[in-house]
Amino acid sequence: MKGPDNNTQWWLGVAELLAQGMHHGAVKLKRVHLSIADESFRVLDAIPATRPGSRLVRVCHHGIARVSYDSVSLAGRVIAEGAASAGARLAMRRQDMTET
């Protein structure tokens with residue numbers, strides 16, 4: 001296939017690939033980030049004087065981190081689905097043009 005449709009299809013593929021990478025990267029980074037943070041919070045939790053404050057900070061930290069990474073992950077999924085949908089519409093339009 002040649003022409004502008006081929007170029008559009010290629011860019012939609014690139015967008016979908018990058019969006020999938022964004023989604024999966026956010027999921028993996030969230031796991032690593034929370035795991036590393038838990039190590040520090042475990043140390044603070046072992047000290048009676050810092051335990052109450054560290055538990056509150058841990059809950060806030062983990063909540064904010066989850067919302068942040070989940071937002072990036074959701075954005076990646078939405079972009080990937082949008083690119084896939086646009087590619088499907090483009091393919092249907094191309095098929096309609098060849099049938100007539």
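By convention here, the first residue in the shown sequence is residue 1. No experiment lies behind these values; they were computed from the predicted model shown.
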Tell me, do Tyr69 and Val27 make a side-chain contact under 4.5 Å, heavy atoms counted? no
When you compare the side chains of Arg89 and Ser85, does any donor N or O come within less than 3.5 Å of an acceptor on the partner? yes
Nearest heavy-atom contact between Met22 and Val72 is CE-O, 3.5 Å
To the nearest 0.5 Å, what is the distance between CD on Glu39 and CD1 on Ile36? 7.0 Å
Where at least one partner belongs to residues 42-54, residue pairs that pass side-chain hydrogen bond (donor to acceptor under 3.5 Å, both in side chains), sequence neighbours excluded: Asp45-Arg55
Over all heavy atoms of both residues, which pair between Gln20 and Ala80 is shortest? Give the atoms and the distance, please. NE2-CB, 3.4 Å
Roughly how far, to the nearest 0.5 Å, is CG of Leu74 from CG of Asp70? 8.5 Å
With side-chain hydrogen bond (donor to acceptor under 3.5 Å, both in side chains) as the rule and sequence neighbours excluded, what pairs involving residues 72-84 come up? His23-Ser73
Can you check side-chain contact (heavy atoms from CB on, under 4.5 Å) on Phe41 and His61, steps first, answer last? CA-CA 10 Å; Phe41 286 117; His61 172 271; 4.0 Å; yes
Modelled atom types, side-chain donor and acceptor of His33 and His62, under 3.5 Å: no
Min side-chain heavy-atom separation Arg66-Leu34 under 4.5 Å: yes
